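Here is how names work: the chains are called A, B, and so on, in the same order as the sequence lines, proteins then strands, and each is numbered from 1. These numbers were taken from a predicted model, which means no experiment stands behind them.
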Amino acid sequence: MPTPSKPQDFIRQTITNDLSNKKVSSITTRFPPEPNGYLHIGHAKSICLNFGVANDFNGQCNLRFDDTNPDKENPEYISAIKKDVEWLGFQWSNLFYASSYFDQLYDFAVQLIKLDKAYVCSLTAEEAREHRGSLTSAGKNSPYRSRSIEENLDLFSQMKAGKFDDGTQVLRAKIDMASPNINLRDPIIYRIRRADHHQTGKTWCIYPMYDFAHGLSDAIEGITHSLCTLEFEDHRPLYDWFLDQLKTPAHPQQIEFSRLNLEYTITSKRKLNLLVTNHHVESWDDPRMPTISGLRRRGYTANAIKDFCDRIGVTKVENTIEMGVLENCIREDLGEKAPRALAVLNPLKITLKNYPDDQTESLNAPNHPQKEEMDSRKVPFSKTLFIDRDDFREQANKKYKRLVLGKEVRLRYAYVIKCEEVIKDENDNILELICSYDAQTLGKNPEDRKVKGVIHWVSAEQSIESEIRLYDRLFNVANPASEEDFESTINPNSLKTLKKCRIENSLNNAQPSQAYQFEREGYFCLDSSANKTDIPIFNRIVTLRDTWAKIATKG
RNA sequence: UGGGAUGUCGCCAAGCGGUAAGGCACGGGGUUUUGAUCUCCGCAUGCCCAGGUUCGAAUCCUGGCAUCCCAGCCA
């Protein structure tokens with residue numbers, strides 16, 4: 001049971017009631033993706049719900065591939081989906097495929113015909129659309145609606161046997177062409193499609209439609225609560241109709257919740273697919289993609305994603321979550337767990353004129369400012385260093401707490417330095433800074449003056465060259481899905497690649513799964529596509545919260 | 001003159017007739033060798049609107065209004 005202190009969402013409340021009313025004695029849910037694309041953050045919400053509910057009530061949750069449309073499906077997606085669910089930290093009770101129920105589904109369809117509740121319709125797709133009527137006007141009966149049970153049985157078996165061309169016949173439920181709910185106007189339950197199915201090969205040339213296959217698959221598996229998104233609300237009467245007509249071992253309850261919308265992103269497999277095919281991104285796992293695999297490569301942790309799903313809740317209200325919520329989740333997780341490191345993104349050389357030429361010190365740097373148990377490491381300090389160009393100004397007001405010509409600043413974990421001289425080229429570009437250091441300031445503050453700023457640095461010689469990729473939102477508008485042409489709202493600056501960055505030596509053996517906080521910059525992880533023989537590539541997962549940026553933009 | 005749903009702070013979200021939780025965001029203090037973290041304080045006399053019932057209504061009733069979804073042989 002969920003802890004009473006934490007309010008239950010309406011679905012868990014329903015389940016709690018169903019259990020106490022003895023409507024059900026145990027809980028079984030399912031996560032039913034169609035293998036026609038990669039899973040995205042919206043699926044994570046559904047995964048956390050379905051597996052979370054099963055876990056909370058000591059029930060089971062199946063992973064079921066809803067693979068009834070071979071035209072769009074692909075085994076590559078199956079393995080990617082399994083990997084993503086496992087990576088999120090969930091274990092399915094059973095791994096199923098709707099396609100393994102094709103025989104049973106066929107028998108159910110035959111039963112429906114025998115009940116005079118289904119018929120073979122020979123209308124063309126266009127004729128069928130005309131017969132369907134409109135939202136405000138009733139449809140018309142198909143001329144084939146009154147075929148005899150025997151004839152329907154015969155035609156349906158011929159459909160199965162491949163006697164008809166694709167699209168020439170369909171099996172339809174006989175419900176009500178005048179229903180105000182269009183889903184009940186004799187919906188199609190089987191269509192003819194000669195396509196190799198990734199699981200069943202050439203065994204079938206007829207495939208069941210979602211409405212027919214889904215509820216019956218749920219019933220076959222003994223699903224107690226079939227959780228789906230709001231757009232299926234209108235389908236529930238049909239879901240129930242099939243179950244009521246047929247002798248199913250159980251009647252699962254469909255409950256709808258609202259899908260996740262995230263500002264500045266798209267959660268539509270079709271559109272995400274377009275981003276890949278039209279090369280707006282590198283792949284499904286491009287770190288800018290809201291896919292589970294993209295988030296993983298970007299450096300998001302499973303914990304952060306699950307925390308996010310916890311925070312956004314489950315309701316029936318249409319909602320759009322601000323990006324800040326997701327970002328906050330990963331910051332919180334990594335703030336706690338990520339070891340700190342020093343990395344200079346835009347290197348500016350500085351020379352300490354009073355530091356001995358060939359001296360090198362090994363300075364102690366804690367891996368986490370609040371967690372001694374995370375230990376510390378040694379970082380090399382020398383006469384020539386790099387600091388970030390953004391951390392120096394020739395002149396600045398008091399608000400600027402970094403290095404200024406003629407002023408002092410603290411080098412993190414090292415000494416206080418003072419900028420003595422700026423060396424420029426003929427175009428006024430700053431090439432190098434000549435500084436002095438105060439040997440008395442290692443591990444302690446000077447007593448006679450206050451040094452307010454602290455900046456990060458790296459030894460020029462004893463550091464590693466690295467490429468760093470900075471990501472920004474993929475779209476320039478908050479709701480790209482509502483645009484007539486969402487591709488035109490793509491942010492052309494969603495990826496900024498920095499070459500010649502310098503990172504501290506200890507990052508030499510970084511692994512993609514280990515995120516670091518580059519102090520004062522943000523959280524980063526090694527890109528998993530990086531070739532070990534090349535210079536390392538780091539992805540920026542998220543920046544640090546930056547109140548200075550707020551102050552600076554305010555002016 | 002179709003049907004289905006939803007409206008509580010900028011974004012989420014508790015609340016289930018007894019007098020508006022929490023998170024994010026935002027504003028302001030404090031600590032700090034990360035402008036980070038942490039911490040303290042502030043942030044809906046108000047719950048889409050209008051009536052009604054009640055000692056008492058975000059919660060019940062009536063009537064409006066707004067928004068979303070549905071006319072694939074997709075899921």
Side-chain angles (χ1 to χ4, degrees), chain A residues 6-9 13 32-34 36 66-69 71-72 121 123-125 128-130 132-139 166-172 178-185 187-193 206-207 209-211 213-214 228-237 256 258 263 269-270 310-329 331-332 335-336 340 342 368-370 399-402 409-414 416 441 443-445 451-456 517-522 543-552:
Chain A
K6 193 173 148 192
Q8 292 186 352
D9 56 70
Q13 287 178 24
E34 183 188 12
N36 65 345
D66 216 339
D67 55 348
T68 56
N69 184 2
D71 284 346
K72 292 184 175 174
C121 180
L123 251 24
T124 65
R129 193 183 324 124
E130 286 161 6
R132 197 150 34 229
S134 76
L135 291 177
T136 53
S137 61
D166 285 11
T168 56
Q169 314 288 340
V170 292
L171 183 70
R172 292 228 252 169
S179 173
N181 182 345
I182 289 183
N183 295 122
L184 263 22
R185 318 243 261 230
I188 292 169
I189 59 189
Y190 264 93
R191 76 282 211 183
I192 303 173
R193 185 109 319 155
I206 57 172
Y207 291 95
M209 298 288 288
Y210 167 83
D211 287 304
H214 199 89
C228 64
T229 43
L230 250 31
E231 65 270 27
F232 293 103
E233 214 152 16
D234 288 341
H235 295 240
R236 181 159 22 104
E256 310 83 15
S258 51
E263 278 190 346
K269 274 195 271 187
R270 190 184 67 79
D310 273 349
R311 293 191 197 200
I312 62 177
V314 178
T315 66
K316 297 185 70 126
V317 185
E318 293 281 353
N319 61 81
T320 304
I321 310 294
E322 293 172 341
M323 256 306 182
V325 180
L326 217 207
E327 292 177 343
N328 184 64
C329 289
R331 279 195 193 107
E332 210 167 282
E336 175 105 347
R340 314 286 119 132
L342 299 177
H368 189 111
Q370 282 85 31
K399 280 187 188 170
Y400 187 80
K401 305 198 299 185
R402 308 180 189 184
V409 80
R410 156 79 61 186
L411 293 181
R412 181 79 162 155
Y413 306 131
V416 169
T441 56
K444 55 177 184 279
N445 284 321
V451 178
K452 54 185 173 180
V454 181
I455 63 174
H456 59 285
Q517 184 196 99
F518 290 175
E519 295 208 40
R520 303 208 314 126
E521 293 289 358
T543 61
L544 254 25
R545 199 175 272 117
D546 191 355
T547 50
W548 165 246
K550 271 179 208 163
I551 296 164

Original post:
From B:C12, B:A36, B:U34, pick the nucleotide closest to the side chain of A:Asn319?
Top reply: B:C12

Original post:
What nucleic acid atoms does A:Gly443 come within less than 4.0 Å of, heavy atoms only: base, sugar-phosphate, or nothing?
Top reply: base

**OP:** Taking only the side-chain heavy atoms of A:Arg520 (C-beta and beyond), determine which of B:G2, B:G35, B:G4 contains the nearest atom.
**Re:** B:G35

**OP:** Give none if B:A71 has no partner; otherwise give the nucleotide forming a Watson-Crick or G-U wobble pair with it, both distances under 3.5 Å.
**Re:** none

Subject >> Selection from B:C74, B:A71, B:C12 that lies nearest to any side-chain heavy atom of A:Lys72 >> reply: B:C74

Subject >> Residue A:Leu544, side-chain atoms from C-beta onward, closest of B:A75, B:C12, B:A36 >> reply: B:A36

Original post:
How long is the line joining CZ of A:Arg129 and P of B:A71, in whole Å?
Top reply: 12 Å

Original post:
Which nucleotide in the list B:A36, B:G35, B:C70 gets nearest to the side chain of A:Gln370?
Top reply: B:A36

**OP:** Would you please say whether a donor-acceptor pair under 3.5 Å links the side chains of A:Arg193 and A:Asn69?
**Re:** no

Original post:
Tell me: NZ of A:Lys399 to P of B:G35, nearest whole Å?
Top reply: 16 Å

Original post:
If we call it a pair only when both distances are under 3.5 Å in a Watson-Crick or G-U wobble match, what pairs with B:C60?
Top reply: B:G52

Subject >> A:Met323 CE - B:C24 P separation (whole Å) >> reply: 18 Å

Subject >> Nearest-neighbour nucleotide for the A:Tyr210 side chain, B:A75, B:U34, B:C73 considered >> reply: B:A75

Nucleotides 6-10 of chain B: which of its N/O atoms have a protein N/O under 3.5 Å away?
residue, atom, partner, partner atom, Å
B:G10, N2, A:Glu322, OE1, 3.1

Original post:
What is the nucleic acid contact for A:Ser258, judged by heavy atoms within less than 4.0 Å: base, sugar-phosphate only, or nothing?
Top reply: nothing

Original post:
Is there a donor on the side chain of A:Gln517 or the base of B:U34 sitting less than 3.5 Å from an acceptor on the other?
Top reply: yes

Original post:
Could you give the CZ-to-C1' distance, from A:Arg402 to B:U33, as a whole number of Å?
Top reply: 15 Å

Subject >> N/O (side chain, A:Arg132) to phosphate O (OP1/OP2, B:G72) under 4.0 Å >> reply: yes

**OP:** Could you state the atom-to-atom distance from NE2 of A:His214 to P of B:G72 in whole Å?
**Re:** 21 Å

**OP:** Give the nucleotide from the list B:U33, B:A71, B:C74 with an atom nearest to the side chain of A:Arg410.
**Re:** B:U33

Original post:
When you check the phosphate oxygens OP1 and OP2 of B:C26, does a side-chain N or O of A:Lys550 lie under 4.0 Å from one of them?
Top reply: yes

Subject >> Complementary nucleotide for B:C9 - Watson-Crick or wobble, under 3.5 Å >> reply: none

Original post:
Taking NZ, NE, NH1 and NH2 as the nitrogens, is one of them in A:Lys72 or A:Glu34 under 4.0 Å from a carboxylate oxygen of the other?
Top reply: no

Original post:
What is the distance from CG of A:Asn69 to P of B:A75, rounded to the nearest Å?
Top reply: 5 Å

Original post:
Checking only heavy atoms, does the side chain of A:Glu231 share a donor-acceptor pair with the base of B:A5 at less than 3.5 Å?
Top reply: no

**OP:** Just label B:G64 as syn or anti from its O4'-C1'-N9-C4 or O4'-C1'-N1-C2 angle, using within 90° of 0 for syn.
**Re:** anti

**OP:** Would you tell me if any nitrogen or oxygen in the side chain of A:Ser179 comes within less than 4.0 Å of OP1 or OP2 on B:G2?
**Re:** no

Original post:
Does A:Trp548 lie flat on the base of B:G35, that is, centres under 5.5 Å apart and planes under 30° off?
Top reply: yes

**OP:** Nearest whole angstrom, please: distance from the P of B:A36 to the CD of A:Glu327.
**Re:** 16 Å

Original post:
Quick one: is B:C74 close enough that its OP1 or OP2 comes under 4.0 Å of any side-chain N or O from A:Arg193?
Top reply: yes

Original post:
So, A:Thr441 side chain and A:Val416 main chain: donor-acceptor pair closer than 3.5 Å or not?
Top reply: yes

**OP:** Would you please name every residue forming a ring pair (Phe, Tyr, Trp, His ring centres under 6.0 Å) with A:His368, sequence neighbours left out?
**Re:** none

Original post:
Can you tell which of B:C12, B:G2, B:U34 lies closest to the side chain of A:Thr136?
Top reply: B:G2

**OP:** Could you tell me whether the side chain of A:Tyr190 reaches within less than 4.5 Å of the side chain of A:Gln169, counting heavy atoms only?
**Re:** no

Original post:
Would you say the side-chain atoms of A:Asp234 pair up with the backbone N or O of A:Asn181, donor to acceptor, closer than 3.5 Å?
Top reply: no

Original post:
Given side chains that start at C-beta, do those of A:Ile321 and A:Arg311 come closer than 4.5 Å, heavy atoms only?
Top reply: no

Original post:
What orientation do A:Tyr210 and A:Phe232 show, parallel under 30°, tilted 30 to 60°, or perpendicular over 60°?
Top reply: tilted

**OP:** Assign each of A:Leu123 and A:Glu521 to its nearest nucleotide of RNA chain B by heavy atoms, then name whichever residue's nucleotide is nearer the 5' end.
**Re:** A:Glu521

Original post:
Quick one: is A:Arg412 getting a side-chain N or O under 4.0 Å of the B:U33 phosphate, OP1 or OP2?
Top reply: no

Original post:
B:G28 and B:C43: how far apart are their P atoms, nearest whole angstrom?
Top reply: 16 Å

**OP:** State whether the side chain of A:Asn319 and the backbone N or O of A:Val317 hold a donor-acceptor pair below 3.5 Å, judged by distance alone.
**Re:** yes

Pull out every protein N or O sitting under 3.5 Å from an N or O of nucleotides 14-17 of chain B, one pair per line with the distance.
residue, atom, partner, partner atom, Å
B:G15, OP1, A:Gln13, NE2, 3.3
B:C16, N4, A:Gln13, OE1, 3.0
B:C16, N4, A:Gln13, NE2, 3.0

